[in-house]
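First up is the structure itself, then whatever we jot down about it.
Quick caveat: nothing in here was measured; it's all calculated off a predicted structure. Only heavy atoms go into these numbers, but all of them, side chains included; no hydrogens, no water, no symmetry mates.
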Amino acid sequence: MTQPQWFLIETEQEYESALARYEQVKRASKNSADHKEKILLVHLISEYEKENRNLPDVDPIELIKIRMADFGYKSADLANEYGDKGTISKVLNYKQALSLTMIRKFSKLLHIPADALIKEYELVG
């Protein structure tokens, strides 16, 4: 199978195609052709989103929840990415702050600029 040739993403349809392809190659092993394609897709998707997506002005946790809904993710998906269900639950319920590692991982997983996740927000309890 030949790999698709990627160019700058200019339309919503191209964006959706890029996201779909990213989902197929996101676990590609390093130094493989799919891994190189994944890196390119991350860059192209990110650039398109910077130009065409206005993130809502909400706290980082709400933004995470919105993007989870956009992608159809559950808290278990975040736990798979981060590795700890209990911590994810605490974060999503405002009982624990996001860590730098979480910000990095969730930024990639949910296509959220990291600077949108570092805003301060109130914790409960």
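I39 and L41 end up in different hydrophobic clusters when Ile, Leu, Val, Met, Phe, Trp and Tyr side chains are linked at under 4.5 Å.
With sequence neighbours left out, Y22 forms a side chain to side chain donor-acceptor pair (under 3.5 Å) with no residue at all. Applying the side chain to side chain donor-acceptor pair (under 3.5 Å) rule to D115 yields no partners; only residues at least two apart in sequence or on another chain are considered. Residues forming a side chain to side chain donor-acceptor pair (under 3.5 Å) with E62 (at least two apart in sequence, or on another chain): Y94. Listed by chain and residue number, nothing satisfies the side chain to side chain donor-acceptor pair (under 3.5 Å) test with Y121 (two or more places apart in sequence, or in another chain).
Of all non-hydrogen atoms in P60 and A116, the two that sit nearest each other are CG-O, 3.7 Å.
Within a 6.0 Å sphere centred on NZ of K90, other residues, nucleotides and ligands contribute 12 heavy atoms or fewer. Sparse packing is recorded around CG of N31, with 12 or fewer heavy atoms of other residues, nucleotides or ligands lying under 6.0 Å away. Annotation: K36, atom NZ; neighbour count of heavy atoms from other residues, nucleotides and ligands within 6.0 Å does not exceed 12.
The CZ atom of F106 sits 6.0 Å away from atom CD1 of I64, with the distance rounded to the nearest 0.5 Å. One finds the CD atom of Q24 at 8.5 Å from the CD atom of E37 (value rounded to the nearest 0.5 Å). The structure places CE of M68 at 10.5 Å from CD1 of I61, a figure rounded to the nearest 0.5 Å. Atom CG of L78 sits about 6.0 Å away from atom CG of L110, to the nearest 0.5 Å.
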**Prompt:** Going through the checks in order, is the salt bridge (charged side-chain N to carboxylate O under 4.0 Å, His left out) test met by R21 and D34?
**Reply:** CA-CA 10 Å; R21 179 62 182 154; D34 283 347; 3.4 Å; yes
**Request:** Show your working on side chain to side chain contact (heavy atoms under 4.5 Å, CB included) between L123 and K95 and close with a plain yes or no.
**Result:** CA-CA 5 Å; L123 297 177; K95 295 180 186 217; over 6 Å; no
**Message:** Go through it in stages, so that I can follow the logic: the residues are V124 and N93, the test is side chain to side chain contact (heavy atoms under 4.5 Å, CB included), and I'd like the CA-CA distance, side-chain angles, deciding distance and then a yes or no.
**Reply:** CA-CA 8 Å; V124 296; N93 288 303; over 6 Å; no
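Counting heavy atoms from C-beta on, the side chains of M102 and V91 come closer than 4.5 Å. By the 4.5 Å heavy-atom criterion applied to side chains, H111 and F71 are counted as neighbours. For the pair K119 and D59, the minimum side-chain heavy-atom distance is 4.5 Å or more. Side-chain atoms of I112 and I103, non-hydrogen and from C-beta on, never get closer than 4.5 Å to each other. The closest side-chain heavy-atom distance from Y73 to L109 is below 4.5 Å. When side chains are defined from C-beta on, I118 does not count as touching L100, because their heavy atoms never get closer than 4.5 Å. Using a 4.5 Å heavy-atom threshold, the side chains of E12 and Y48 count as touching. Put simply, the side chain of L19 does not reach to within 4.5 Å of the side chain of E23, judged on heavy atoms.
For residues 75-88, the side chain to side chain donor-acceptor pair (under 3.5 Å) pairs, not counting sequence neighbours, are D84-T87. The side chain to side chain donor-acceptor pair (under 3.5 Å) analysis of residues 96-110, with sequence neighbours excluded, yields no pairs.
Remark: side-chain polar atoms of S32 are not paired, donor with acceptor, to backbone N or O of A28 under 3.5 angstrom.
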